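Quick notes on the structure that follows.
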There are 2 protein chains.
Amino acid sequence: MKITFKGDYALKAILHLSLNYNRKLLTGNDLAKLIDAPSKFLEQILVDLKKGGFIESRRGNAGGYLLSKDPSLITLGEVLRHIEGPTEPISCIKDDYTNCVHIDSCVFRPVWQRVDKAASDIIDNITFAGLAKQAVKGGLNP
Amino acid sequence: MKITFKGDYALKAILHLSLNYNRKLLTGNDLAKLIDAPSKFLEQILVDLKKGGFIESRRGNAGGYLLSKDPSLITLGEVLRHIEGPTEPISCIKDDYTNCVHIDSCVFRPVWQRVDKAASDIIDNITFAGLAKQAVKGGLNP
DNA sequence: TATAATTCCTATATATTAAGTAGACTATGT
DNA sequence: ACATAGTCTACTTAATATATAGGAATTATA
């Protein structure tokens, strides 16, 4: 698993929208400042998050972004996979992979599968409700 | 953690050299055929593995490569880190990272640290002696 | 209804990395 | 000497990451 700036920004954006769930909208600029990201870059990521069904937007004056569902229903893994693609360390661990002749006897494949499962077990069991709670406890205001 | 072709080739090369430890040398071409890699690309990787102290070489006629230590003393993690660099999912989890203002209150950082530890716990506890044994059991001849 | 504040859309730029290719040079056993 | 290796340096090509730029469409509100 590799987290790029794009993924990092996406997760932080969702976190801040979680902190403001049912409170108020945040504009692209609001979010860009909060998470210290270039606003035009973040804009593209927000479009992507919208396509993924994680957020909604209101256009025009007084517009902005909001979560489209309760933070307790969004996991870190879901968001990360939507933005970054598959989290597996190498693509040969997929069931339908056919590009390797030695796949049946490969001793590495089971290792990568273990690594992938270990990571998934972590990120798929963390919700943004939990993260937001932690963030508040850590002193981050909505 | 992300494994590129380079890393994949490197691990497979070390595995085959493990299978032939104390038996015979393998040439670059031998290895390239065994692991289905472009030989000139593999060549560069072998130089890198040599610099890392994992393998030795004999030049000239009847030359080739061999492991420089017992396969039980080489872990998957060591080789992977030498070839691919750090395995952490994002660089901010390092102790000396200073590029992020919010690092102290960041709720994601501990997550990435958990993910990194989970992966390390796996790859740092697998030796090439173990892998070679498995490979033989799986039908792969030295 | 004009205006300012927003999101939405498309195109372009730049740097880095991945994954090789090519060719000449050096060493060595027979 | 010669065939068989490894060594070294440079170049190439494609993809990805990380943005920038500019304008079009939408909307609340004065």
Side-chain angles (χ1 to χ4, degrees), chain A residues 1-13 17 24-33 35-52 54-68 80 83-87 89-92 99-100, chain B residues 1-13 17 20 24-52 54-68 80 83-87 89-92 99-100:
Chain A
M1 188 170 48
K2 201 75 193 169
I3 293 108
T4 65
F5 275 76
K6 196 172 157 194
D8 187 46
Y9 293 154
L11 295 175
K12 287 175 177 167
L17 291 174
K24 64 170 182 180
L25 304 189
L26 295 177
T27 69
N29 270 324
D30 288 342
L31 284 167
K33 277 174 198 159
I35 72 186
D36 200 31
S39 66
K40 290 298 258 182
F41 187 31
L42 183 59
E43 208 177 71
Q44 299 170 36
I45 298 169
L46 291 169
V47 167
D48 202 350
L49 287 171
K50 208 182 147 185
K51 281 183 194 157
F54 301 106
I55 65 177
E56 290 172 23
S57 58
R58 303 281 178 265
R59 300 181 71 166
N61 196 344
Y65 298 91
L66 67 156
L67 276 199
S68 60
L80 201 62
I83 295 293
E84 304 272 23
T87 56
I90 189 169
S91 61
C92 72
N99 285 9
C100 178
Chain B
M1 187 168 51
K2 202 75 194 170
I3 294 109
T4 65
F5 275 75
K6 196 172 157 193
D8 187 46
Y9 294 153
L11 295 175
K12 288 175 177 168
L17 291 174
N20 287 280
K24 63 171 182 181
L25 304 189
L26 294 178
T27 68
N29 271 325
D30 288 342
L31 283 167
K33 279 174 198 158
L34 282 167
I35 72 186
D36 199 31
S39 67
K40 288 300 258 181
F41 187 32
L42 183 60
E43 207 176 72
Q44 299 170 35
I45 298 168
L46 291 168
V47 168
D48 201 349
L49 287 170
K50 205 181 151 185
K51 281 184 194 157
F54 300 107
I55 66 177
E56 290 173 23
S57 58
R58 304 280 179 263
R59 300 180 72 163
N61 196 344
Y65 298 92
L66 67 156
L67 276 200
S68 61
L80 202 61
I83 296 292
E84 304 271 22
T87 57
I90 189 169
S91 61
C92 72
N99 285 10
C100 178

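Just so we're on the same page: letters track the sequence lines, and every chain starts at 1. Bear in mind that the values here come from a model prediction, so they are computed numbers and not experimental data.
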Q: Supply the atom-to-atom distance B:L31 CG to B:D36 CG, rounded to the nearest 0.5 angstrom.
A: 12.5 Å

Q: Please round to the nearest 0.5 Å and tell me the distance separating atom CD1 of B:I3 and atom OH of B:Y9.
A: 14.0 Å

Q) For B:K2, does the NZ atom have more than 12 heavy-atom neighbours from other residues, nucleotides or ligands under 6.0 Å away? A) yes

Nearest-angstrom distance from the residue atom [atom1] of [X] to [atom2] of [N]:
| X | N | atom1 | atom2 | answer |
| --- | --- | --- | --- | --- |
| B:N29 | D:dA3 | CG | C1' | 14 Å |
| B:L31 | D:dT4 | CG | P | 18 Å |
| B:K24 | D:dT4 | NZ | P | 17 Å |
| B:E43 | C:dT26 | CD | C1' | 13 Å |
| B:L26 | D:dA5 | CG | P | 12 Å |
| A:I90 | C:dA18 | CD1 | C1' | 13 Å |
| A:Y65 | D:dT27 | OH | C1' | 15 Å |
| A:L49 | C:dT7 | CG | P | 14 Å |

Q: Would you give a per-nucleotide map of nucleotides 11-20 of chain D, 5' to 3', where B means the base has a protein non-hydrogen atom under 4.0 Å away, S means only the sugar-phosphate does, and - means neither?
A: -------SBB

Looking at every heavy atom in both [X] and [Y], which two are closest together, and how far apart are they?
| X | Y | result |
| --- | --- | --- |
| A:L25 | A:D30 | O-OD2, 4.5 Å |
| A:G7 | A:E84 | CA-OE2, 3.2 Å |
| A:A13 | A:L46 | CB-CD2, 4.3 Å |
| A:S57 | A:L66 | N-CD2, 4.3 Å |
| B:I55 | B:K50 | O-CG, 3.5 Å |
| A:I45 | A:A10 | CG2-CB, 3.7 Å |

(Q) Regarding A:K2, tell me which of base, sugar-phosphate or nothing describes its non-hydrogen contacts under 4.0 Å with the strands shown. (A) nothing

Q. Counting any heavy atom closer than 4.0 Å, what does B:K51 reach on the DNA or RNA strands: base, sugar-phosphate only, or nothing?
A. nothing

Q: Measure the angle between the two terminal helix axes of the helix from C:dT1-D:dA30 to C:dT30-D:dA1, five base pairs each, and quote it to 10°.
A: 0°

Can you pull every protein N or O that's under 3.5 Å from an N or O on nucleotides 27-30 of chain C?
| unit_1 | atom_1 | unit_2 | atom_2 | d |
| --- | --- | --- | --- | --- |
| C:dT28 | O2 | B:N61 | N | 3.2 |

Q: Dump the intermediate steps for side chain to side chain contact (heavy atoms under 4.5 Å, CB included) on A:L17 and A:L49, then the final yes or no.
A: CA-CA 12 Å; A:L17 291 174; A:L49 287 171; over 6 Å; no

Q) Do B:K51 and B:V47 have side-chain heavy atoms sitting under 4.5 Å apart? A) yes

Q | Under 4.0 angstrom between A:T27 side-chain N/O and C:dA5 OP1 or OP2 | A | no

